[in-house]
Amino acid sequence: MPELPEVETVRRSLAPALEGRRFAHVTQRRPDLRFPLPERFAARLKGRRVSRLERRAKYILVHLDATPKAAEEVLIMHLGMSGRFTIHEANGASAPGRFHRGMPGAERHDHIVFDMEGGTRIVYADHRRFGFMDLVPEAALTACTHLAGIGPEPLGNEFSGPVLAERLAGRRAPIKAALLDQRTVAGLGNIYVCEALFRAGLSPRRIAATVATPLRSTRLAAAIRDVLEEAIVAGGSTLRDYAHTDGELGYFQHSFAVYGREAEACSKPRCGGTVARIVQSGRSTFFCSSCQR
DNA sequence: CGGGACTCCTGCCAGC
DNA sequence: TGCTGGCAGGAGTCCC
């Protein structure tokens, strides 16, 4: 399940294959992913030159140059939970590990194929089809339905304890739910919320507004930033469906302190607690009730 | 408007 | 061995 570190890892590996290049041909193998693809999606991309790739929250933004007929546009891509890109270079060397998980017939889920000038082929596969793509005018990007209202980037300069405190003030939801809400902070998902709350020593059940103190919000903001930065360095986490564009796996999952560790001893020195699993708003939450308060 | 429940989809795995 | 049911979860929609 790609969260910010996984999406950032994908963005970085796609960038050299896309930036400065044109789409020679785009093959759309079904009319929709999670949502219908835009009208004439493949035709509108053909011939367009990519200026740069950017990430916002869990979205990859592919900026397209203007043409005589069209203004600058942005291809918005969201991986959902099982979206995966693989890059196949023109020399015939296809990405190793394409079917590394022994997925017979996986090509059934290859929904979009981007052929770039120069011969590089980028395949988007998404067997659960929770991902989606959209094409919007550059001028309308920040106001578009996907991005409007999304909170600050946790790795950006605009994110800090006071900023987080302001966004949690008055919120009656559990802090776990508030952090999963992309309007609070951009890019967090179930895993990194659990890990950040553990590092900050805060209970996931705590009412969000009670975290809006200088001490707690500063501690939590730092924990969020630290865990995301460490995960990016590790190439993200690989669970179930996520893999890099070359089929390689991230390895941050080995660094999880609580996620997926139900009934294990808390890793905090001298804590002595046990990792518990509870369900909050239909999602598993892992935490140590001994040192997370 | 905030918050929670429900929904989409498919693969995988535990349990019978 | 083969089937079934539960689970995984990002984010949109709907309802209170």
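Excluded from the calculations below are hydrogen atoms, water molecules and symmetry mates; all remaining heavy atoms, backbone and side chain alike, are included.
Aromatic ring orientation, A:Tyr192 versus A:Phe256: perpendicular (interplanar angle above 60°, classes split at 30° and 60°). Using the six-membered ring where Trp is involved, A:His146 and A:Tyr59 have ring planes that are tilted, between 30° and 60° apart. Ring orientation note: the planes of A:Phe114 and A:Phe41 are nearly perpendicular, at an angle over 60° on the 30°/60° scale.
A:Ile191 has its CD1 atom 11 Å from the P atom of C:dA8, to the nearest Å. Put simply, CG on A:Asp32 is 15 Å from C1' on C:dG12, counting in whole angstrom units. As a whole-Å value, the separation of A:Phe132 CZ from B:dC8 C1' is 12 Å. Whole-Å rounding puts the A:Arg129 CZ to B:dG11 P distance at 10 Å. Regarding A:Arg205, its CZ atom lies at a distance of 14 Å from the P atom of B:dG4, rounded to whole Å. Atom NZ of A:Lys176 is separated from atom C1' of B:dG2 by 18 Å (rounded to the nearest Å). Put simply, CG on A:Leu79 is 18 Å from P on B:dT10, counting in whole angstrom units. Between the CE atom of A:Met81 and the P atom of C:dA11 there is a distance of 10 Å, rounded to whole Å.
Contact annotation: A:His109 side-chain N/O to B:dG11 OP1/OP2 distance is under 4.0 Å. Distances shown here put every side-chain N or O of A:Gln182 at or beyond 4.0 Å from the OP1 or OP2 atom of C:dG10. Regarding contacts with the backbone of C:dA11, a side-chain N or O of A:His78 is found under 4.0 angstrom from either OP1 or OP2.
Judged by distance alone, with hydrogens and angles left aside, the side-chain atoms of A:Gln292 form a donor-acceptor pair with the main-chain N or O of A:Cys288 at under 3.5 Å.
Which of C:dG12, B:dG3, B:dG4 sits closest to the side chain of A:Arg171 comes down to B:dG3. The nucleotide whose nearest atom lies closest to any side-chain atom of A:Arg183 is, among C:dG10, B:dG2, C:dG12, B:dG2. The side chain of A:Arg128 approaches C:dA8 more closely than any other nucleotide in the set B:dG3, C:dA8, C:dG10.
The residue A:Arg277 sits close only to the backbone: its heavy atoms come under 4.0 Å of sugar-phosphate atoms, none of a base. Residue A:Ser284 is classed as a sugar-phosphate contact, given heavy-atom separations below 4.0 Å to backbone atoms only.
The base of C:dA11 lies close enough to the side chain of A:Arg34 for a donor and an acceptor atom to sit less than 3.5 Å apart. The base of C:dG10 sits with one of its N or O atoms less than 3.5 Å from a complementary donor or acceptor on the side chain of A:Arg283.
Residue A:Gly282 is the one, among A:Phe130 and A:Gly282, whose nearest nucleotide of DNA chain B lies closer to the 5' end (criterion: closest heavy atom).
Note that CZ of A:Arg12 and CD1 of A:Ile232 are 5.5 Å apart. Values are rounded to the nearest 0.5 Å.
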